[in-house]
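A, B, ... follow the sequence lines: proteins, then strands. Residue 1 opens every chain.
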Amino acid sequence: MLKDFSVMNNEIQAKITEFDLEQTFECGQCFRWNKVYENGYLGVSRGRVLEIEQKSDRFIFRGTDRDTFENYWMDYLDLRRDYGEIIEKVSTEKNMIKATQYGNGIRILLQDEWEALVSFIISSNNNIKRIKKIVDGLCSIFGNPVEYKGHVIFAFPNPEDIYGSGCDDLGDIKCGYRAGYIIDAVEKVHLGEVDIGSIRKMNYQQGAKELMKIKGVGPKVADCVLLYGGAKYESYPVDVWVKRVTEALYLKKDSKPDEIKSIAREMWGDLAGFAQQYLFYYARENQLETGEVK
DNA sequence: ACCCAGGTCATCA
DNA sequence: TGATGACCTGGG
């Protein structure tokens, strides 16, 4: 975790343990951070740009100021949390020990709830590469441009930026049948039928119920939004990878999502979301079909 | 041509 | 409630 940081020459420097840019930004939880050079990533959240460079456990943050860093990015990057402690607590058996060693620099980002919602609507029955492409397309059409060191980055559009558009207006981003889902989300959030801004205050059940009012939002998408945007760390999103690996390691049989979620809750309690992320990253990066440790 | 990808929906019993 | 197909799109 981050203990303190220093500001000089418009740069913020800090030593942070259990943090790796590639693991955190490429583990499938977010879709808008891009590698711009070796060990350097550039991203935007809620219209704020940030450049991060990593040298082992030393980090340099650029494009921000002390106030924004302390009041926004510290929380976004979850830098106040002791992930050494998280890893220790979820490493309940040998496979999880392996998974947490493999992804020991993963942090769960606190993303904008609306961005997480739309991103994971797009994620359904889709692959990560194409999800990124579609999300980028949505931003370049509807988002506000932000300039940084010659890069033009488009912020993620707010509901009001998209409101008034129809499915046809989303044709260029090639999101297929998900266009209708996105429009439904835009309308319900914009008109106040869904209170996306309150999911962090709600409990897990309330949050899930609220999110699933939207077309295209089922249990898996709701779980992702609650975990990555709603800080509901007991959430255990069950996709094809997590299903495979959880069944193989713990259940030893074909199981329904609710059974998979409940055993995760038994093993890791309100830290199940962290466990899920380590397992997902480990299984997917190693293309594990059975979940067995190699 | 067929299958898959961080699933959900409509339909049917 | 629970099971079964269909589904935009692009890559292997």
Checking A/E51 now: which residues fulfil salt bridge (Lys or Arg N to Asp or Glu O under 4.0 Å) with it, not counting sequence neighbours?
A/R62, A/K149
On a heavy-atom basis, which atom in A/E115 and which in A/R32 lie closest, and how many Å separate them?
OE2-CG, 3.6 Å
Could you check whether A/C30 gets within reach of a base, just the sugar-phosphate, or nothing at all, counting any heavy atom under 4.0 Å?
nothing
Could you tell me whether a side-chain N or O of A/R178 sits under 3.5 Å from a main-chain N or O of A/S124, the two making a donor and an acceptor?
yes
When we call it a touch if two heavy atoms are under 4.0 Å apart, what does A/Y228 touch: a base, just sugar-phosphate, or nothing?
base
For DNA chain C, whose closest nucleotide is more 5', that of A/S124 or that of A/K129?
A/S124
Provide the closest heavy-atom pair for A/P159 versus A/V186 in the form atom of the first, atom of the second, distance.
O-CG1, 3.5 Å
Nucleotide range of DNA chain C lying under 4.0 Å from chain A heavy atoms
C/dC7 to C/dG10
Just checking A/G216: base, sugar-phosphate only, or nothing, at a heavy-atom cut-off of under 4.0 Å?
sugar-phosphate
How far does the C1' atom of B/dT8 sit from the matching atom of C/dG11, given to the nearest Å?
23 Å
Within 6.0 angstrom of A/K15 NZ, more than 12 heavy atoms from elsewhere
no
Does A/N127 or A/K256 map to a spot on DNA chain C nearer the 5' end, using the closest nucleotide for each?
A/K256
Search all heavy atoms of A/I199 against all heavy atoms of A/K232 and return the closest pair with its distance.
O-NZ, 3.4 Å
If you take all heavy atoms of A/L117 and A/A185, which pair is closest and at what distance?
CD2-CB, 4.3 Å
Would you mind listing the cluster partners of A/W33? Hydrophobic ones only (ILVMFWY), side-chain contacts under 4.5 Å, chaining allowed.
A/L2, A/F5, A/V7, A/I12, A/I16, A/F19, A/L21, A/F25, A/Y41, A/L50, A/I52, A/F59, A/F61, A/F69, A/Y72, A/W73, A/M74, A/Y76, A/L77, A/L79, A/L109
What closest approach, in Å, do A/G28 and A/I128 show between heavy atoms, and which atom pair accounts for it?
CA-CD1, 4.0 Å
Look at A/R244 and B/dA5 and indicate whether a side-chain polar atom (N or O) is within less than 4.0 Å of OP1 or OP2.
yes
Rounded distance in Å between the P positions of C/dG10 and B/dC9:
23 Å
Under the 5.5 Å and 30° test, is A/F280 stacked on the base of B/dG6?
yes
Between B/dT8 (P) and A/F120 (CZ): distance, integer Å
12 Å
How do A/I214 and A/I128 order along DNA chain B: which one's closest nucleotide is nearer the 5' end?
A/I128
Under 3.5 Å, sequence neighbours excluded: what are the donor-acceptor pairs made by side chains of residues 269-277 of chain A?
{"residue": "A/Q276", "atom": "NE2", "partner": "A/P237", "partner atom": "O", "Å": "3.1"}
{"residue": "A/Q277", "atom": "OE1", "partner": "A/Y228", "partner atom": "OH", "Å": "2.5"}
{"residue": "A/Q277", "atom": "NE2", "partner": "A/C27", "partner atom": "O", "Å": "3.0"}

Hey, does A/K133 reach any base, or is it just sugar-phosphate, or nothing, if we go heavy atoms under 4.0 Å?
nothing
Carboxylate-amine/guanidinium contact A/K98 A/E93, below 4.0 Å:
no
Interatomic distance, A/Y236 OH vs B/dG6 P [rounded to whole Å]:
16 Å
Protein-nucleotide distance (A/I134, atom CD1; B/dG7, atom C1'), rounded to Å:
14 Å
Please work out if A/V238 contacts a base, only the sugar-phosphate, or nothing of the nucleic acid, heavy-atom cut-off 4.0 Å.
nothing
Minimum heavy-atom distance between A/I196 and A/W114, given as atom pair plus value:
CG1-N, 4.0 Å
Under 4.0 Å, heavy atom to any atom of DNA chain C: which of residues 163-200 of chain A qualify?
A/K174, A/C175, A/G176, A/Y177, A/R178
For A/K89, look at atom NZ and say whether over 12 heavy atoms of other residues, nucleotides or ligands are found less than 6.0 Å away.
no
If a pair means Watson-Crick or G-U wobble with both distances below 3.5 Å, what does DNA chain B look like in dot-bracket form, with | marking bases paired to a different strand?
.||||.|||||||
Quantified in whole Å, what is the P atom distance between nucleotide B/dG6 and nucleotide C/dT4?
24 Å
When you compare B/dC2 with C/dA6, how far apart are their P atoms, in angstrom units rounded to a whole number?
13 Å
Give the rounded distance in Å between these two atoms: CG of A/D239 and P of B/dC4.
15 Å
